[in-house]
Every structure is written in C-alpha cells, then in structure tokens.
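Report on the following structure.
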Number of protein chains: 2
Amino acid sequence: MTNTGSKPETKPETRPETRHVLERCRNVAPILQRVGDKWSMLIIIVLIDGPCRFSVLKRTIDGISQQMLTRVLKALERDGLISRTTYPTSPPQVEYALTELGLSLSEPVLRLGDWVRDNIGRIEASRETYDAR
Amino acid sequence: MTNTGSKPETKPETRPETRHVLERCRNVAPILQRVGDKWSMLIIIVLIDGPCRFSVLKRTIDGISQQMLTRVLKALERDGLISRTTYPTSPPQVEYALTELGLSLSEPVLRLGDWVRDNIGRIEASRETYDAR
DNA sequence: CAGGATCCCAGAAGATACTG
DNA sequence: CAGTATCTTCTGGGATCCTG
C-alpha cells in the first residue's frame, strides 16, 4: 500500500553496519537461486521419501521434461545434494537419493515451505488489492 | 559421486503418496522463485535493520541498477512484503520498510541463510571434486 | 531524488528427435 | 531406460536516456 506520510525519519547514511550483514548474505543469494529454480525443490521433496529412479521422478513431478530433469539432477549432484547410483542391468537403472547434505538442506527449506503455506493467502490478497488500482 | 551399485531396491511405482506432498509444494515453488531471484533477499535483509530510502538502498546493495531496484521493490510491495511511503518534500523522498508479513518471512529465510553459511564449504568442495573428472 | 520508458542480451527453460 | 544433441522460445538482468 503506497501511503503518504509527512516526516521522514530515516537517516540517509549508507549504513556501513548493514554492509557486513550483506557481505555474509552475498553467498546466500546464489544458493537461493540454485534452490529457487522451478524444479530443484520439488525433486528434493520427492527424494525425502526415499531413493527414486529417473523414470519415477519424471512421472511423479508432473510437467517436467526429461531434459530439465537431467539438467537439474546433474546440478544437484554436482553440489553434493543428491547421489547417483547406476545399476548395470538391462535396461539400465539409475537411482537418485538425497545425501546427508541434501537432507539437512531440506529442513530449512521445508520451513520456508510451511511459511508459504501459511501466508500465501495474504500474499495473494495483497496482489489483488495492488492490482485493483 | 556417481557410484555403481549392484541391486536396485526402489519400488518402481509412481508414488501416489508423494503426490500429495507435491501438490502442497506446487505453490511453494513460485514463491521460492520470487524470493530466490538475485536481489529480493538482499533488499529484505537490508530492511530488517529499519526503513530505508531508495538512494540508500541503491548505495547499500552494491551492483544493483536503479532499474532492477525499482522492479524488485515494486514486486515486493505488490506481494505485501514491504511498504512504500512517499514524503512530498522537495526533492521527493520515498521510504521503504518491511511489513509484518515481510518480517515474518525474513525468519525462515535467515535460517536458510544460516544453513548456507554453515554448508557452503561442503558444496564448493563437492563441486570441485565433481568438476575434477 | 526517485523513478519511467526503451532497447538489448545471455542464459534459462522447453519441445522434439535420436542413441547406448 | 536414461539419457544426449539440437533448436527455439522466453525472461531475468542490465545500460542508457528522460522526467516530475
């Protein structure tokens, strides 16, 4: 809501103190982006229930292309968040699973998910009133 | 690490149970994307310390263009995460601040930030060994 | 000072077809 | 089955110039 007040109270400095916090959070942004893409979190969430094969992942995560699934799985593996195990059967089977690291990440991420679940209504309401002008 | 095991143990079903969790998380992904862009979280983090004017934000968040700052601020305002207050002075001043909603969001996000701070080393190590082949 | 309006680009996302 | 290869589309991010 764009209000119109009367007296500014902020100090117009550059806030050097905040700078330090920012430096610390500089690293956070890239990770947030990695995890904040369209599919990564969904994959991780599925894998929380246990290891999963490629085709099952593809069927479970509705709408993802094998292309994107491959890419995201690779990126997650590179970051050490999931592991990849190949079974030399015929036809070949590949099983993906969360690593310990990936599992530990899922915790704060699920918290964020809870927040969204609890507040998405407010967000959407805000959007409507905002768009209404 | 791409291992090679010997016997697959996963059930090849479609996992309908997981489906329900996924449905719940479908809404999470878009919000994660909103917050997971390059600047949103940095802006929110700065605003945790208190209201802030446009120019101060721009100076504090190093590297952001006024264009992007404007865009992201608008998006955050639309979602009800920050408020915008205009002071009709000359020259005009505009002050941005976290709303209650935005503040509550900052909590789970900072937890995620803590996780990153604690584990970024492992991630980078994993990347190196992965890229080394 | 705080933006709006344009133009531009690299890389992300996706569709499709092919392969060990 | 689990990918790779290719092509096209889309969009996040940025540079630049202009204005109340």
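Labels below follow one simple rule: chain letters A, B, ... track the order of the sequence lines, proteins then strands, and each chain is numbered from 1.
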_Nearest-neighbour nucleotide for the S65(A) side chain, dA2(D), dG14(C), dG13(D) considered_ = dG14(C)

_From C-beta outward on Y96(A), which listed nucleotide comes closest to its side chain: dC1(D), dG3(D), dG13(D)?_
dG3(D)

*Touch class at under 4.0 angstrom, heavy-atom based, for K38(B) against every strand present*: sugar-phosphate

_Minimum-distance nucleotide to S55(A) side chain [options: dG4(C), dG20(D), dC1(D)]_ = dC1(D)

*To the nearest angstrom, how far is L69(B) atom CG from dG14(D) atom C1'?*
13 Å

*Quick one: L73(A) CG to dA13(C) P, roughly how many Å, whole number?*
14 Å

*Side chain of Q67(A): nearest nucleotide among dG14(C), dG3(C), dG14(D)?*
dG14(C)

*Quick one: which of dG3(C), dA2(C), dA2(D) gets closest to the side chain of R53(B)?*
dA2(C)

*Take atom CE of M68(B) and atom P of dC9(C), then tell me their distance rounded to the nearest Å.*
18 Å

*Test for a donor-acceptor pair under 3.5 Å between the base of dG14(D) and the side chain of R71(B), counting only N and O atoms.*
yes

*Length of the line joining I64(A):CD1 and dA15(C):P, which is rounded to integer Å*: 11 Å

*W39(B), nearest nucleotide to its side chain (from dG14(D), dA2(D), dG3(C))*: dG14(D)

*Begin from the C-alpha positions of I44(A) and V109(A) and carry the test side chain to side chain contact (heavy atoms under 4.5 Å, CB included) through to its verdict.*
CA-CA 10 Å; I44(A) 290 182; V109(A) 165; over 6 Å; no

*Looking only at atom types and distance, does a side-chain atom of T86(A) sit under 3.5 Å from a main-chain N or O of P92(A), one as donor and one as acceptor?*
no

*asked:* Assuming nearest nucleotide by heavy-atom distance, tell me which of F54(A) and G36(B) is located more 5' along DNA chain D.
replied: F54(A)

*Let me know the distance between NZ of K74(A) and P of dA2(D), rounded to the nearest Å.*
15 Å

*asked:* So Q33(A), base contact, sugar-phosphate only, or nothing? Heavy-atom distance under 4.0 Å.
replied: sugar-phosphate

*Rounded to the Å, how far apart are Q66(A) CD and dA13(C) C1'?*
13 Å

_Distance check, rounded to the nearest 0.5 Å: T99(A) atom OG1 versus R122(B) atom CZ?_
7.5 Å

*Decide yes or no on salt bridge (charged side-chain N to carboxylate O under 4.0 Å, His left out) for R111(B) and D114(B), but give the supporting numbers first.*
CA-CA 5 Å; R111(B) 282 180 192 273; D114(B) 289 342; over 6 Å; no

_Rounded distance [0.5 Å steps], CZ in F54(B) versus CD in Q66(B)_ = 6.5 Å

*Which whole-number value in Å describes the distance from Y87(A) OH to dG3(D) P?*
13 Å

*Taking atom P of dA2(C) as reference, at what distance in whole Å does atom CZ of R84(B) sit?*
10 Å

